[in-house]
Amino acid sequence: MTSLRRFIVCTVLCLAATAASAQDRVVYHIDNTVAQGLKGLRNLRNHLDVDPSAKITVVTHAEGVDMLMEGAKAANGTEYAPLVSALKSRGVAFEICEITLKNRDLKKDQFIQEAVFTPSGVVRIAKLQAQGSAYIKP
């Protein structure tokens with residue numbers, strides 16, 4: 001095998017290995033807890049069941065932040081916190097828009113500890129997409 005042929009074979013193998021180990025990045029956009037809360041959390045669980053290495057960020061704003069509030073429950077009585085906690089333990093990041101907090105006169109201490117805050121939900125979504133994250137709105 002010539003040097004050039006070896007180089008090409010090695011390059012192709014390296015690229016294939018890199019592609020195989022690439023981690024999918026996804027941003028889930030939640031702006032309405034009633035319409036998207038349980039469905040979105042179910043989608044996240046299913047996503048990780050099929051692709052456990054995916055790097056997933058959930059960005060909430062507007063009424064979407066409600067699911068991350070202490071004591072929040074869905075209309076059927078399901079508590080959001082245990083579901084969020086289970087997903088957090090699987091590597092999912094949950095972010096809350098600080099503009100929403102200001103506009104709705106909410107305080108950071110009203111939210112579960114699994115969530116972090118971002119200055120602007122929509123800006124964060126745009127930046128994650130620009131960095132290669134796929135966009136999903138359940």
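Applying the ring-ring contact (aromatic ring centres under 6.0 Å, His included) test to Phe94 and every residue at least two apart in sequence or in another chain returns nothing.
Considering only heavy atoms from C-beta on, Asp31 comes within 4.5 Å of Lys137 through its side chain. Within the 4.5 Å cutoff, no side-chain heavy atoms of Arg45 are placed close to those of Leu41. Side-chain contact between Glu95 and Val59 is present, with at least one heavy-atom pair separated by less than 4.5 Å. Side-chain contact between Ile96 and Val116 is absent, with no heavy atoms from C-beta onward closer than 4.5 Å. Residues Asp109 and Glu70 form no side-chain contact, since every pair of their non-hydrogen atoms from C-beta on lies 4.5 Å or further apart.
Remark: the backbone N or O of Asn32 is paired with a side-chain donor or acceptor of Gln36 at under 3.5 angstrom. Counting only distance, with no hydrogens or angles, the side chain of Arg90 and the backbone of Pro52 share no donor-acceptor pair below 3.5 Å. Under the 3.5 Å distance criterion, the side-chain polar atoms of Thr100 are left unmatched by any main-chain donor or acceptor of His61. Thr57 places no side-chain N or O within donor-acceptor distance of the main-chain N or O of Ala93, the cut-off being under 3.5 Å. No donor-acceptor pair closer than 3.5 Å links the side chain of Arg25 to the backbone N or O of Ala134. Between the side chain of Gln129 and the backbone N or O of Ala126, no donor-acceptor pair lies under 3.5 Å. For the pair Thr118 (side chain) and Gly121 (backbone), a donor-acceptor distance under 3.5 Å is absent.
With Val58 as reference, Leu44 is the one residue of Leu44, Leu68, Ile136, Val27 to meet the side chain to side chain contact (heavy atoms under 4.5 Å, CB included) rule.
Cluster annotation: Leu128 and Val92 are assigned to distinct hydrophobic clusters (Ile/Leu/Val/Met/Phe/Trp/Tyr, side-chain heavy-atom contacts under 4.5 Å, transitive). Hydrophobic clustering places Phe117 together with Ile112 (ILVMFWY residues linked when any side-chain heavy atoms are closer than 4.5 Å, directly or through intermediates). Linking Ile, Leu, Val, Met, Phe, Trp and Tyr whenever their side-chain heavy atoms come within less than 4.5 Å leaves Val122 and Tyr28 in two separate clusters.
Using a 4.0 Å cut-off between a side-chain N of Lys or Arg and a carboxylate O of Asp or Glu, Lys108 and Glu98 qualify as a salt bridge. Salt-bridge formation is not detected for the pair Asp66/Lys73: no Lys NZ or Arg NE/NH1/NH2 atom is positioned less than 4.0 Å from an Asp or Glu carboxylate oxygen.
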